[in-house]
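Everything on this sheet refers to the single structure shown next.
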Amino acid sequence: MEGLDILLKKSLYIIIYYITVAVFSCLAFSSLVVSFEKTNQLQDGLGIESLQVNIQEQEIDESSNSNFKTADLIESLKEISISPFIMYKDTGTPHGKEFYVHNSKLPLVKENAENIPNTVYLDKSFEKNSIENKNNHYFIYKSIPYKVVGIYEQQRKNINQNSVFLAAMDITANGLGMYYIDGIHPSDMNKVVEHLENREIFVDATIIPMKKTMKERITLVAKDQAVVLILLIVTLILIGMNTIGVTINWILSRNDEIYVRYLVGGTTRKINWWLLKEYWLILIFSFVIGFILAMMLLKIGIFKYVVSEIDRYGIGLAFVFCLIIGTLTKIISLLLVYRGKNKFRKGY
């Protein structure tokens, strides 16, 4: 115990330094990991196998698609695929979408949503935008009052934000536009287009899987976590500028112990290994304290606008980060202190 007390006293500055690094690392890596995981959570509860389908008029005959309705698309989907599906359509505003469900549930709505014309579901935060009339609430959409038939809970996200209103799709409206379909296989979607052509409905359909590539997910994280990434880079620079100097002073403060070990037959390799193990002990101790502090800071809400939660994978990455940085710092510091010397000697 006495040896441990001496080690802690001589290592006080390093412990404080690595506690600070551990706190920030736990918060930063947790934020990055959570952000990365959310890149696979698509808007409005769509699954990662969903399709983005852009249906445009085929330039063959000016009047060839004038009668193409959303109902034609839905009918073809039902005939080609027996799978349940959810379909959203762009409304021209980023705030909401039109929806159609077939033997399925609307992800954001707890109760079973029905395809009732002129009805709408609102996010709880958007409820104030409705108007009351005869004990019913209405939401004005396309200059038409849509009856509010349900309220769903807020699900705030920085990436792929959910809609604040979901209006029942008017299947009699023109069918051209951007759709998001969950439950239909890409090959079946191609068959749907062929089916429309067989019915002399000629459209150009661009079908794109909504599942993002690794590069796209990393790009989204970089945009979402730009502040955290900048702070992480600054931290690395500060570590490079300060930690080596602090570690060198720590090694020099252990010079008497090093010399005693050298006198009793300790080899360079054994002494280096002993120092490294003690340095790792300091790192682990500092990281545990830093992790506890990070949890406390997050709990009291100091970083609530930057970090939403502590993630176990983020903690693991933070620990590996601190361990690698600490080990490299220790090795570099030893080389700087004892460069050009074959043996440990008193006074070095």
Side-chain angles (χ1 to χ4, degrees), residues 41-47 50-57 65-78 81 83-157 159-184 189 192 196 203 205-208 210:
Q41 298 174 10
L42 301 183
Q43 190 178 29
D44 301 326
L46 288 169
S50 301
L51 303 174
Q52 177 181 297
V53 183
N54 186 16
I55 300 180
Q56 297 299 326
E57 189 171 2
N65 297 304
S66 58
N67 293 322
F68 174 53
K69 307 297 182 184
T70 302
D72 296 321
L73 175 61
I74 293 172
E75 183 182 338
S76 294
L77 284 168
K78 291 179 180 179
S81 177
S83 302
F85 66 83
I86 304 165
M87 184 166 67
Y88 294 117
K89 186 178 182 181
D90 264 349
T91 60
T93 168
H95 302 299
K97 287 185 175 64
E98 295 181 359
F99 75 89
Y100 183 88
V101 291
H102 173 62
N103 295 332
S104 185
K105 293 183 178 181
L106 205 57
L108 299 183
V109 179
K110 291 182 179 180
E111 63 269 20
N112 290 330
E114 297 184 36
N115 304 305
I116 302 175
N118 297 341
T119 60
V120 66
Y121 292 87
L122 296 182
D123 184 294
K124 192 171 184 178
S125 67
F126 216 62
E127 188 177 7
K128 60 182 179 293
N129 292 285
S130 64
I131 55 176
E132 187 175 359
N133 184 23
K134 297 181 180 179
N135 296 324
N136 290 317
H137 283 80
Y138 294 88
F139 176 72
I140 304 301
Y141 172 61
K142 292 184 176 180
S143 302
I144 299 173
Y146 274 58
K147 183 179 178 180
V148 178
V149 292
I151 301 295
Y152 54 90
E153 293 296 324
Q154 300 181 35
Q155 296 182 24
R156 292 289 165 260
K157 300 186 293 183
I159 298 176
N160 298 324
Q161 292 182 352
N162 293 327
S163 299
V164 292
F165 75 86
L166 296 171
M169 195 177 294
D170 180 5
I171 65 174
T172 63
N174 188 290
L176 302 179
M178 183 72 76
Y179 294 87
Y180 306 92
I181 305 175
D182 188 3
I184 301 295
M189 196 64 226
V192 167
L196 289 171
V203 293
T206 304
I207 304 169
I208 303 173
M210 294 187 68

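Y180 and D90 form a side-chain donor-acceptor contact under 3.5 Å, judged by distance and modelled atom types alone.
A donor-acceptor pair is defined here as one N or O able to donate and one able to accept, closer than 3.5 Å; such a pair exists between the side chain of T91 and the backbone of G96. Distance alone, capped at 3.5 Å, is enough to place a donor-acceptor pair between the Q43 side chain and the Q161 backbone. Judged purely by atom type and a 3.5 angstrom limit, N118 has no side-chain atom pairing as donor or acceptor with the backbone of P145.
What you find for A205 and V53 is that their closest heavy atoms are CB-CG1, 4.5 Å. Across every non-hydrogen atom of I151 and K124, the tightest pair is CG2-CA, 3.6 Å. The minimum heavy-atom distance between L196 and S76, with the atom names listed, is CD2-OG, 3.3 Å. For the pair A168 and F99, the tightest heavy-atom approach, listed with the atom from each and the gap, is N-CE2, 3.4 Å. Contact record, S125 with K128: O-NZ, 2.6 Å, taken as the closest heavy-atom pair. In terms of heavy atoms, G47 sits closest to L42 at O-CD1, 3.1 Å.
Contact of the L166 side chain with the L106 side chain is registered, since non-hydrogen atoms from C-beta on lie closer than 4.5 Å. Contact check for E57 versus F68: no side-chain heavy atoms found under the 4.5 Å cut-off. Between F85 and L77, some side-chain heavy-atom pair lies under the 4.5 Å cut-off. Proximity of I171 to K69: side-chain heavy atoms (C-beta onward) are nowhere separated by under 4.5 Å. Between V148 and Y138 there is no side-chain heavy-atom pair separated by less than 4.5 Å. Looking only at side-chain heavy atoms (C-beta outward), N129 and L122 stay at 4.5 Å or farther from each other. At a threshold of 4.5 Å between non-hydrogen side-chain atoms, the residues N162 and Y152 do not count as touching. A 4.5 Å side-chain heavy-atom check between Y179 and L51 finds every atom pair outside the cut-off.
Here the straight-line distance linking atom CG of D44 with atom CG of N160 works out to 9.5 Å at 0.5 Å rounding. Of the inter-residue distances, the one linking M87 atom CE with D182 atom CG reads 12.5 Å to the nearest 0.5 angstrom. One finds the NE2 atom of H95 at 6.5 Å from the CZ atom of F126 (value rounded to the nearest 0.5 Å). Atoms CG and CG, from N174 and N67 in turn, are 9.5 Å apart once rounded to the nearest 0.5 Å. Going from atom CE of M178 over to atom CG of N54 covers 4.0 Å, rounded to the nearest 0.5 Å. Note that the NE2 atom of H102 and the CD1 atom of I181 stand 12.5 Å from one another [nearest 0.5 Å].
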- Query: Stepwise, does the side chain to side chain contact (heavy atoms under 4.5 Å, CB included) test hold for I74 with Y100?
  - Reply: CA-CA 9 Å; I74 293 172; Y100 183 88; 3.7 Å; yes
- Show your working on side chain to side chain contact (heavy atoms under 4.5 Å, CB included) between I140 and I131 and close with a plain yes or no. CA-CA 8 Å; I140 304 301; I131 55 176; 4.2 Å; yes
- Start with the C-alpha distance between T70 and D170, add both sets of side-chain angles, then the distance that settles side chain to side chain contact (heavy atoms under 4.5 Å, CB included), and finish with yes or no. CA-CA 8 Å; T70 302; D170 180 5; over 6 Å; no
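In this structure E114 satisfies the salt bridge (charged side-chain N to carboxylate O under 4.0 Å, His left out) test with no other residue, sequence neighbours excluded.
When ring centroids are compared, F165 and Y146 stay outside the 6.0 Å threshold.
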